[in-house]
Amino acid sequence: LNRIKASGLKLRFCTNETQATREKFVKKLQGLGFDISVAEVTAPAPAACRILKERGLRPHLLVHNDLLPEFAELDKANPNCVVIGDAAENFTYANLNKAFRVLIGMEKPVLISLGRGRYYKETDGLKLDVGAYMKALEYACDVEAEVVGKPARPFFESALAEMGVPPQQAIMIGDDIVNDVGGAQQCGMRAVQVRTGKYRSVHILHP
């Protein structure tokens, strides 16, 4: 990263991190020695907030407690949509059922998902990601979620716009063949798969 910055190339950190605010996420990486600022991070929660404000949506939040500050300025009374992120331990039956009831009670359900990852890796192993729970609500409510994070095209386009770079001149580097590599390629970018993080030697790709 230091060599990339020293070379004068533009850089953005595109993350589907939805267990913490950007500030907390950046502070953690800075503590590990990375030269990174909040302004360099493109994340799902701020993007979702912009969408919610533009469309006058009041969210019922099924997200991690540490992410709640990102939504502090939004009206959440009498919700008319559900926003789901990587809620970790908050993914209880009761909380999922509450989100289900909000959606099923709408004439036209609106489900916004801060990503659609299947799983991710932490130090103690692989863990289910938001996509598994998003699919459960989609199936139960017969609704298609609007994905805000990777691999959604607008997410990558937002990062490109922030850098002022066309997709043909950008390269995405990541450990997820679907959300990182596939999402970037669909946006017209080139992509590099790294064999670290949650990389596994066998992947099943669905068109």
Side-chain angles (χ1 to χ4, degrees), residues 1-47 63-64 66-67 70 84-89 91 113-135 147-160 162-163 165 167-207:
L1 291 177
N2 290 338
R3 288 202 301 271
I4 289 173
K5 289 190 173 186
S7 72
L9 292 172
K10 295 181 179 179
L11 179 68
R12 264 297 182 282
F13 297 90
C14 296
T15 177
N16 268 5
E17 171 62 57
T18 58
Q19 285 195 14
T21 60
R22 283 170 298 164
E23 287 77 10
K24 188 173 181 179
F25 172 68
V26 166
K27 190 173 181 180
K28 176 182 177 181
L29 290 177
Q30 288 174 340
L32 294 171
F34 289 97
D35 178 16
I36 177 177
S37 68
V38 174
E40 294 175 309
V41 176
T42 301
V63 299
H64 197 281
D66 290 346
L67 193 69
E70 293 275 21
I84 184 173
D86 181 12
E89 281 73 22
F91 278 136
S113 184
L114 307 180
R116 69 176 190 197
R118 295 172 179 170
Y119 57 87
Y120 58 95
K121 185 177 183 180
E122 288 193 346
T123 52
D124 58 347
L126 298 176
K127 297 191 175 182
L128 281 174
D129 204 348
V130 61
Y133 302 96
M134 176 199 83
K135 285 295 183 182
V147 179
V148 175
K150 298 179 291 185
R153 185 178 183 127
F155 186 78
F156 288 104
E157 289 175 340
S158 176
L160 290 167
E162 290 167 2
M163 292 189 293
V165 172
Q168 296 80 10
Q169 294 181 13
I171 296 176
M172 176 69 191
I173 302 171
D175 66 352
D176 190 311
I177 192 70
V178 175
N179 293 320
D180 294 332
V181 175
Q185 288 176 337
Q186 289 178 19
C187 194
M189 301 165 62
R190 286 173 290 175
V192 175
Q193 166 89 53
V194 294
R195 297 186 178 188
T196 55
K198 72 180 198 179
Y199 171 82
R200 294 169 70 117
S201 60
V202 177
H203 290 279
I204 299 175
L205 298 182
H206 297 281

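The first residue in the sequence is number 1, and the count goes up from there.
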Side-chain ([X]) to main-chain ([Y]) donor-acceptor, under 3.5 angstrom:
{"X": "Q193", "Y": "D175", "value": "yes"}
{"X": "K150", "Y": "C14", "value": "yes"}
{"X": "T21", "Y": "K24", "value": "yes"}
{"X": "D176", "Y": "V178", "value": "yes"}
{"X": "R153", "Y": "Q186", "value": "yes"}
{"X": "E23", "Y": "V26", "value": "no"}

Would you sort out whether Y120 and Q19 count as a side chain to side chain donor-acceptor pair (under 3.5 Å), showing the intermediate values?
-> CA-CA 12 Å; Y120 58 95; Q19 285 195 14; 2.9 Å; yes
Under 6.0 Å from the NZ atom of K5, do we count more than 12 heavy atoms belonging to anything else shown?
->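 Yes.
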Just wondering, are more than 12 heavy atoms of other shown residues or ligands nearer than 6.0 Å to CD in E89?
->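 Incorrect, the count does not exceed 12.
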Salt bridge check: are R22 and E70 linked by an N-O gap of less than 4.0 Å?
->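 Yes, this pair counts.
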Look at R12 together with E40 and state whether they make a salt bridge at an N to O cut-off of under 4.0 Å.
-> no
Nearest heavy-atom pair of F155 and T42: which atoms, and what distance?
-> CZ-O, 3.3 Å
Grab the two heavy atoms, one from P44 and one from V148, that are nearest each other, plus how far apart they are.
->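 That closest heavy-atom pairing would be O-CG1, 3.5 Å.
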Flag side-chain contact, heavy atom, 4.5 Å: [X] against [Y]:
{"X": "I84", "Y": "L114", "value": "no"}
{"X": "N2", "Y": "D35", "value": "yes"}
{"X": "I36", "Y": "V41", "value": "yes"}
{"X": "R118", "Y": "D129", "value": "no"}
{"X": "L32", "Y": "F34", "value": "yes"}

Distance in Å, [X] [atom1] paired with [Y] [atom2], rounded so as to fall on 0.5 Å steps:
{"X": "Q168", "Y": "R190", "atom1": "CD", "atom2": "CZ", "result": "9.5 Å"}
{"X": "K10", "Y": "L160", "atom1": "NZ", "atom2": "CG", "result": "11.0 Å"}
{"X": "M189", "Y": "M172", "atom1": "CE", "atom2": "CE", "result": "6.5 Å"}
{"X": "Q185", "Y": "F156", "atom1": "CD", "atom2": "CZ", "result": "10.0 Å"}
{"X": "I173", "Y": "I4", "atom1": "CD1", "atom2": "CD1", "result": "5.5 Å"}

